[in-house]
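Every chain is numbered from 1 and lettered A, B, ... according to where its sequence line falls, protein lines coming before strand lines.
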There are 2 protein chains.
Amino acid sequence: MEPENSHPRRPTIKDVADRAGVTKATVSKYLNRAHGYAMASSTKERIRAAIQELNFQPSPLARGLSRSTTSTIGLVVADIRSQFYPDLVASIQSAAEAAGYTLVLGSSGDDPDRELDIIRSMAHRQVDGVVLVAVRSESDHIEYLRRRGIQIVLASRDLPELVADTVVVDSFAGARTAVRHLRELGHRRLAHVTGEASVKPFADRRRGFEVETADLTGDGPGLPVEVTTSTLEGGRAATHRLLDVSDPPTGVFFASDTMALGGLMACADLGLRVPDDVSFVGFDNVAVGELPGIGLTTIDSDAVRVGEQATELLLKRMLAATGTEAEPVLVTRPAELVVRTSAAPPR
Amino acid sequence: MEPENSHPRRPTIKDVADRAGVTKATVSKYLNRAHGYAMASSTKERIRAAIQELNFQPSPLARGLSRSTTSTIGLVVADIRSQFYPDLVASIQSAAEAAGYTLVLGSSGDDPDRELDIIRSMAHRQVDGVVLVAVRSESDHIEYLRRRGIQIVLASRDLPELVADTVVVDSFAGARTAVRHLRELGHRRLAHVTGEASVKPFADRRRGFEVETADLTGDGPGLPVEVTTSTLEGGRAATHRLLDVSDPPTGVFFASDTMALGGLMACADLGLRVPDDVSFVGFDNVAVGELPGIGLTTIDSDAVRVGEQATELLLKRMLAATGTEAEPVLVTRPAELVVRTSAAPPR
DNA sequence: CTGTTAGCGCTTTCAC
DNA sequence: GTGAAAGCGCTAACAG
């Protein structure tokens with residue numbers, strides 16, 4: 001009849017203190033005041049031994065409560081399901097873990113309101129920092145975090161204004177490279193499939209496309225540009241609209257690989273072959289693009305490095321969090337062309 | 001010269017109490033004792049109003065400290081980068097979120113020791129439950145959690161013994177279906193590529209392969225079975241070994257789509273065409289298998305439902321956590337064949 | 001150098 | 001029905 005027959009209580013700082021013949025305070029100092037410092041080495045040694053013998057680890061919860069710091073960072077992505085995130089998430093996760101932080105994951109499903117909810121909930125759980133792959137283009141959620149003293153860094157997607165540290169790839173230059181590649185292959189009838197206009201990298205890629213095709217003209221006033229949701233299905237539908245006409249474009253630049261993969265499906269639907277009938281260039285360099293049977297020519301978004309660098313910046317902010325807020329930093333990484341087989345000279 | 005110029009303090013339960021003219025204790029009761037119950041409705045109303053006006057939310061940290069419960073669940077996967085996880089992670093994440101839990105993510109990179117570390121760290125952070133896609137085949141980590149009263153459920157990979165609630169797909173039956181499909185197409189020279197022998201689903205799939213091919217014979221004593229790491233590169237290498245011989249098999253059953261994709265790369269390397277030269281059947285039904293140019297015939301692992309059901313089971317355990325431990329439950333979901341284009345009759 | 005004393009924000013007996 | 005008080009495990013002045 002002993003309800004205390006439950007799980008053995010974990011040792012607390014008090015147990016360590018008793019065993020070492022000192023006070024909690026002293027143990028706490030040992031734990032926090034970065035070892036060196038002023039403390040009798042005999043005491044240090046006794047504490048060390050006690051900790052070791054008891055296999056003591058301070059409770060993150062209790063520590064968090066009194067320090068208002070949790071060794072936790074939040075990662076908010078638009079949609080984990082997307083082809084693009086695995087590398088990004090993996091690199092952030094391991095960088096965070098390496099620094100002793102635990103990752104809390106949220107996926108907004110591309111819904112700006114949910115994104116805000118997730119951010120609120122993370123703030124509420126007192127994460128020390130947030131890596132955000134932003135869906136909403138306003139910066140209210142950023143302000144929300146900043147007001148609460150939570151550091152933030154934007155990864156992969158920048159916002160119209162530089163309101164926080166940001167690590168992205170050079171979308172404008174990358175897009176130009178992509179388009180030039182198509183032009184060098186001899187394509188003149190070009191088209192572009194892009195995602196949500198509010199997402200800055202998409203806007204930049206579109207601008208890149210337009211700049212590099214300013215001298216060309218399509219049926220109407222300019223070359224065709226299809227705006228769609230940045231999903232596989234979006235890309236598929238847009239490509240249908242683009243290609244299922246008389247005299248379709250011979251080269252298409254997609255603002256993301258995911259949409260380009262949708263484009264491949266559309267071609268299968270329409271009985272068109274890539275690159276024989278139409279050439280594709282994507283953007284991101286997702287892993288599947290490399291598979292034979294896909295061979296997607298694309299621009300590398302360098303997700304791994306973006307994730308690593310974003311995490312680095314965040315950790316730096318979190319340490320420096322004291323005192324004057326430094327100006328936001330924008331890191332723009334080069335976006336390189338990866339040539340595979342989906343783009344070839346037109347017939 | 002005011003260092004207090006920092007971030008505005010969040011309201012605490014004390015603030016609410018003062019504003020409502022009651023004590024913290026009463027507010028706490030209001031918060032926890034599932035509303036109904038014994039409390040003057042005027043008091044209830046005043047508390048409600050105060051909470052509302054102050055926009056108060058109880059601190060999860062403080063609550064966690066005093067209740068030893070954190071509304072947090074840990075998800076440990078073998079390798080987020082793998083093609084297979086996005087659906088699983090996404091479905092677990094949304095099921096958890098829907099139930100008011102926050103997801104803490106860990107990726108072991110297929111390393112059993114890291115897996116244990118991650119689990120220790122999560123236990124230490126006092127997650128209320130863990131969804132585990134296990135790497136190690138022993139059950140020491142499960143015992144570790146159980147000893148600390150942390151609920152656990154295994155998703156996607158079962159262990160040799162039923163030591164915890166488990167949700168998997170029927171690997172043995174699925175494998176038999178896959179092999180029968182190849183046989184019905186007319187293949188007799190069959191081979192199998194499988195992953196780490198210690199992973200039970202792989203063992204089961206292998207058994208399925210063997211049972212369904214017991215009447216067939218290869219060059220040696222039985223049909224060729226290649227064991228490799230369950231990665232793209234593993235599948236690629238194994239396929240090289242398998243096909244780069246005189247008189248190679250005409251049909252290959254892969255224990256995972258990821259390995260099958262590696263197999264496709266190997267074919268590209270060797271100048272073989274699928275399904276003209278060799279037929280492939282995979283296992284899992286990852287999203288990319290659906291792309292034209294891939295068209296992988298496979299067995300559906302139903303990651304979304306597995307994730308959902310695993311989360312359901314876990315939540316149930318977490319609620320029932322009191323009293324007698326119910327026996328572990330094993331949920332085996334059907335594994336259905338998805339016919340695409342990678343398997344066809346042999347020439 | 002180490003100990004004393006208050007908290008951090010919430011929950012939970014036990015009285016009234 | 002509500003309040004007083006102690007405590008969850010740790011940190012952080014301030015003394016001495």
Side-chain angles (χ1 to χ4, degrees), chain A residues 3-4 6-47 50-51 54-71 124-126 148-149 322, chain B residues 3-4 6-47 50-51 54-71 123-126 148-149:
Chain A
E4 286 72 17
S6 60
H7 315 286
R9 201 174 52 76
R10 302 189 336 183
T12 75
I13 198 174
K14 180 73 166 65
D15 301 326
V16 174
D18 290 351
R19 193 168 232 277
V22 295
T23 348
K24 297 189 310 179
T26 311
V27 178
S28 178
K29 271 164 206 142
Y30 173 89
L31 253 26
N32 300 303
R33 303 275 200 275
H35 285 211
Y37 201 35
M39 170 139 43
S41 55
S42 67
T43 320
K44 256 203 291 213
E45 172 50 22
R46 290 203 321 279
I47 295 180
I51 288 181
L54 266 50
N55 187 17
F56 165 82
Q57 287 186 278
S59 150
L61 242 51
R63 184 187 285 235
L65 187 56
S66 72
R67 291 208 310 197
S68 337
T69 228
T70 56
S71 295
H124 186 227
R125 284 196 130 72
Q126 302 188 223
R148 283 160 183 72
T322 168
Chain B
E4 285 74 17
S6 61
H7 316 286
R9 200 175 53 74
R10 300 187 342 180
T12 75
I13 198 173
K14 180 74 166 64
D15 301 326
V16 174
D18 290 352
R19 192 169 232 275
V22 295
T23 1
K24 298 189 308 179
T26 310
V27 178
S28 177
K29 271 164 203 143
Y30 174 89
L31 253 25
N32 300 302
R33 302 273 201 277
H35 285 210
Y37 202 37
M39 170 138 43
S41 55
S42 67
T43 322
K44 257 200 294 211
E45 172 50 23
R46 290 202 322 278
I47 296 181
I51 288 180
L54 267 51
N55 187 18
F56 165 80
Q57 286 186 280
S59 150
L61 242 50
R63 185 186 286 236
L65 186 56
S66 71
R67 290 208 312 199
S68 351
T69 229
T70 56
S71 294
H124 185 229
R125 276 191 180 320
Q126 300 188 224
R148 284 161 181 71

task: Grab the two heavy atoms, one from B:Phe56 and one from B:Thr12, that are nearest each other, plus how far apart they are.
output: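 Result for this residue pair: CE1-C, 3.5 Å.
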
Contact summary for A:Thr70 and A:Arg125, nearest pair of heavy atoms: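 Result for this residue pair: CG2-O, 4.0 Å.
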
- prompt: At how many degrees, to 10°, do the end axes of the helix from C:dC1-D:dG16 to C:dC16-D:dG1 meet when each uses five pairs?
  reply: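 The value is 40°.
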
Detail all sub-3.5 Å separations between protein N/O atoms and N/O atoms belonging to nucleotides 3-5 of chain D.
residue, atom, partner, partner atom, Å
D:dG3, OP2, B:Thr23, N, 2.9
D:dG3, OP2, B:Thr23, OG1, 2.6
D:dG3, OP2, B:Thr26, OG1, 2.8
D:dG3, O5', B:Thr23, OG1, 2.9
D:dG3, O6, B:Lys29, NZ, 2.8

Separation between CZ of B:Arg148 and NE2 of B:His124, rounded to the nearest 0.5 Å: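 The distance works out to 10.0 Å.
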
Rounded to whole Å, how long is the line connecting atom [atom1] of [X] with atom [atom2] of [N]?
X	N	atom1	atom2	value
B:Asn32	C:dG9	CG	P	17 Å
B:Ile13	C:dT12	CD1	P	11 Å
A:Arg125	C:dG9	CZ	C1'	15 Å
A:Tyr30	C:dG3	OH	P	16 Å
B:Arg10	C:dG9	CZ	C1'	9 Å
A:Ile47	C:dT2	CD1	P	8 Å

- prompt: Are B:Met39 and B:Thr26 close enough that some pair of their side-chain heavy atoms sits under 4.5 Å apart?
  reply: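 B:Met39 vs B:Thr26: side chains touch.
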
field: Sub-4.5 Å side-chain heavy-atom contact between A:Val16 and A:Tyr30
entry: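 Side chain of A:Val16 against side chain of A:Tyr30, heavy atoms only: no contact under 4.5 Å found.
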
Got a sec, which residues hit side-chain contact (heavy atoms from CB on, under 4.5 Å) with [X], two or more places apart in sequence or on another chain?
X	result
A:Ser59	A:Arg10, A:Leu61, A:Ala62, B:Gln126
A:Ser28	A:Ile13, A:Asn32
B:Ala20	B:Val22, B:Arg46, B:Ile47, B:Ala50
A:Ser66	none

D:dA12 OP1/OP2 closer than 4.0 Å to side-chain N/O of A:Ser28: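 Result: no.
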
message: Taking side chain to side chain donor-acceptor pair (under 3.5 Å) as the definition, give me every residue that meets it alongside A:Gln57, ordered by chain and number, with sequence neighbours left out.
response: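 For A:Gln57, no residue satisfies side chain to side chain donor-acceptor pair (under 3.5 Å) once neighbours in sequence are set aside.
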
message: For DNA chain C, which residues of residues 58-68 of chain B approach it to below 4.0 angstrom with any heavy atom?
response: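 Within this stretch, B:Pro58, B:Ser59, B:Ala62, B:Arg63, B:Ser66, B:Arg67 sit under 4.0 Å of the strand.
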
